[in-house]
Amino acid sequence: MDQMHPETVAITAGRPESAPGAPLNPSISINSTYTAGGAIGYGRFGNETWVALEDAITRLEHGDSTLAFSSGMAAITAVFSLLPHGAPVVASNQGYSGTMALLKKYHEQGRLEVRFVDIANTKDVFEALMGAAFLWIESPTNPGLEIAEMSLIIGEAKKRNMGVAVDNTFATPLSQLPLELGADISMHSVTKYLAGHSDVILGSLTVKDPALYSRLLEARTLIGSIPGPFEAWLALRGIRTFPLRFNAAQSNAKALVEKLKSHAKITKVRYPGFGAIISFEIDGSADQTDQVCAASKLITNATSLGGVESTWERRRRWPLESETVPVNLIRLSVGCEHHDDMWADINSALAAF
Ligand SMILES: *Cc1c(COP(=O)(O)O)cnc(C)c1O
C-alpha cells in the first residue's frame, strides 16, 4: 500500500476496515474513559479518531508512526522536552515566529543552549553542529522562504549521532520527505496544508524509530497536549483533498510569481520554486504595506496559511516576528481560487498607495 501515490494514500488511509455494513469513514470517538482491559484506558492515553488521522499522516510522510498533538507548537514542545537540560541545539535563525520565541525562551532560561544559524548556509550549519546534540530544521523558512541543503546537513548531523527534526509544514510531504532524507522526526502544523480549511489547530510528529515514538508518546501523555477528537476528524477529512488542494494552490502560485516579479511596486519576490507561499516586498513603508494588505477584497488580510482561501499579511505586524524580516514584506498564502481573480485583486490592492 505504501508504494501508492500520495493522492491515493490521502483518500484511502485511516479508514475502518472494509466489511459489509462497515462505515466508510472513521467515527468521532468522544470518550474520556474506557472499560478496563482493552487497548485504551483513558482519553488522554489514546483515541480511535486520533489513530485514524495518525495513520494517514504516517503514510503520507513515509514513516512508521505518528502522534497528533493539540497544535503545531505542542508538537514542537514535545520534541524539545526530550532533550536534557542545557543540551546544545542547532536551529535556523529564521523560522516560524512561535518556534523562534520558544527556542529563545529556552535559551534564556538555560533550558537549552540554542545555536541560531543561517540554515541556508551549509558551511555555517556544519560549524555549529560541532558538539551539538540536536538539529532543528525549518525549510523553506517562514516567512523568508530560505532553503536548507537538507540531505547534506541531515547527513552531517547523523554522522555526529545527533537527533534531527524537520518542520515540514511549508513543503508538505508532496515536496519533501524528511524521514527519507534521514531525519528522525517530521513535524507538521496540521493546521495549515494538511487540514487545509482554516478551521482546525493541530500538530503532528512522524517518526520511524519505535523507541522514539514511545518517548514522544510519553511526553504527549504527561504534558497532556492531546488533540480533540473532533479536530482530528476534521483534519483527516481535510487530508482527503490535501494533494488536490496543494497542487492547485502550487500552480496558482507559479502563475502569480512571474506577474508579481514584473510589477513596478514590488521590489523583491521570494519563491522557492515549489509550494504555495510567496513572500514579497513592496516599494513602500510599513504603513503603505498595511494599506495594501487591507485593500484586498478577495485575499483576506489574515495570518496563517495553507487554507483553500488565499490570505496575506504584513509579517512584521506581529511583535514576535524577527527583526530580520523586512517591515514591508507581505507573505501571501496562495489558495485555490482562480489565479486571474487573485491577480486582479492584488493589482487593485497595490494601487492603494
Ligand atoms: C503555524 C506554524 C507552526 C505552529 O503551528 P500551530 O498549529 O499554529 O501551533 C509551526 N511551524 C510553521 C512553519 C508554521 O507555519
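Predicted model only: the values in this text are computed from it and were never measured. In listed order, ligands and their atoms are each counted from 1.
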Legend entry - Under-4.0 Å salt bridge between Asp55 and Arg15: no

Inset, instruction - Using the side chain to side chain contact (heavy atoms under 4.5 Å, CB included) rule, pick out the option among His62, Arg59, Glu61 that qualifies with Val9. - result: Arg59

Legend entry - Heteroatom proximity flag, Thr99 to ligand 1, N/O under 3.5 Å: no

Legend entry - Neighbour count >12 (heavy atoms, 6.0 Å) for atom CZ, Arg240: yes

Inset, instruction - Consider every N or O of Phe170 and every N or O of ligand 1, then say whether any pair is closer than 3.5 Å. - result: no

Inset, instruction - Answer yes if Ile330 and Leu298 sit in the same cluster of Ile, Leu, Val, Met, Phe, Trp and Tyr residues linked by side chain heavy atoms under 4.5 Å apart, and no otherwise. - result: yes

Legend entry - Heavy-atom nearest neighbour in the protein, as seen from atom 1 (C) of ligand 1, with distance rounded to 0.1 Å: Lys192 NZ, 1.4 Å

Inset, instruction - In plain terms, say whether Asp290 and Arg314 are close enough for a salt bridge, that is, a side-chain N and a carboxylate O under 4.0 Å apart. - result: yes

Inset, instruction - Any atoms of ligand 1 less than 4.0 Å from a non-hydrogen atom of Asp167? List them with their elements. - result: 10 (C), 11 (N), 12 (C), 13 (C)

Inset, instruction - Starting from atom 5 (O) of ligand 1, locate the nearest protein heavy atom and write down its residue, its atom name and how far away it is, to 0.1 Å. - result: Ser189 OG, 3.0 Å

Inset, instruction - Mind telling me whether Phe230 and Trp233 have parallel, tilted or perpendicular rings, with 30° and 60° as the class edges? - result: parallel

Legend entry - Shortest protein heavy-atom distance from atom 4 (C) of ligand 1, along with the residue and atom involved: Tyr96 CE2, 3.3 Å

Legend entry - Distance-only N or O hit between ligand 1 and Met73, under 3.5 Å: yes

Inset, instruction - Around atom 7 (O) of ligand 1, find the nearest protein heavy atom and jot down its residue, atom name and distance. - result: Thr191 OG1, 2.7 Å

Inset, instruction - Identify the residue among Val166, Asp184, Leu177, Leu179 that makes a side chain to side chain contact (heavy atoms under 4.5 Å, CB included) with Thr206. - result: Leu179

Inset, instruction - Under 4.0 Å from a heavy atom of Asn142: give me the atoms of ligand 1 that qualify, with their elements. - result: 15 (O)

